[in-house]
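In what follows, a structure is listed as C-alpha cells, so that the remarks can point back to it.
Computation of the quantities below employed the complete heavy-atom set of this structure, encompassing side-chain atoms and omitting hydrogens, waters and symmetry-equivalent molecules. Numbering starts at 1 and runs along the sequence shown.
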Amino acid sequence: MCRSIKTLRPPAIPEKATEEEMHAAALQYVRKVSGFRAPAAHNQEVFERAVEAVAEATRDLLEHLEVRGARPAPAEAAAG
C-alpha cells in the first residue's frame, strides 16, 4: 500500500473528502500499480483513464460506505 495515500473517510478526516483528495489518492494508486511516477507519452492516455476510473470508484465507495458507530456529520445531525 502506498504510505502517502491517506484514509478519506470520517472520522479519519473531519469532513467529506474533496475531489482533489480523491484524485491525489487515485494518482498515487495508479503510480504504485504501474510502477511509473509519470508515464511515457505513449502511455499517457491509459494512465489518465486509470486515474479517473480509480477516482470514480473512490467517490462511489465513499458515498455508499456505512460507518457504524460513527457520529453523523453536523449537517446530517441538524437535518435529522
Exercise. Which value, rounded to the nearest 0.5 Å, describes the distance between L27 atom CG and K32 atom NZ?
Worked result: 13.5 Å

For this session: Find the distance between CZ (R59) and NZ (K16) and round it off to the nearest 0.5 Å.
Result: 10.5 Å

For this session: Decide whether M22 and V54 are clustered together by the hydrophobic rule: side chain heavy atoms of Ile, Leu, Val, Met, Phe, Trp, Tyr closer than 4.5 Å, transitively.
Result: no

Problem set entry | Which atom of R31 lies closest to which atom of F47, heavy atoms considered | CG-CZ, 3.8 Å

For this session: Check whether any side-chain heavy atom of V46 sits under 4.5 Å from a side-chain heavy atom of E48, and report yes or no.
Result: no

Problem set entry | E45 atom CD, neighbour heavy-atom count above 12 within 6.0 Å | no

For this session: Quick one: closest heavy-atom pair of L62 and A17, and the distance?
Result: CD1-CB, 4.0 Å

Exercise. Side chains of E21 and I13: does their closest heavy-atom pair fall under 4.5 Å?
Worked result: yes

For this session: Would you check if the side chain of H23 reaches a backbone N or O of E19 as a donor-acceptor pair within less than 3.5 Å?
Result: no

Exercise. Does T7 reach the main-chain N or O of R9 with its side chain, forming a donor-acceptor pair under 3.5 Å?
Worked result: no

Exercise. Which heavy atom of A26 sits nearest a heavy atom of A55, and at what distance?
Worked result: CB-N, 3.5 Å

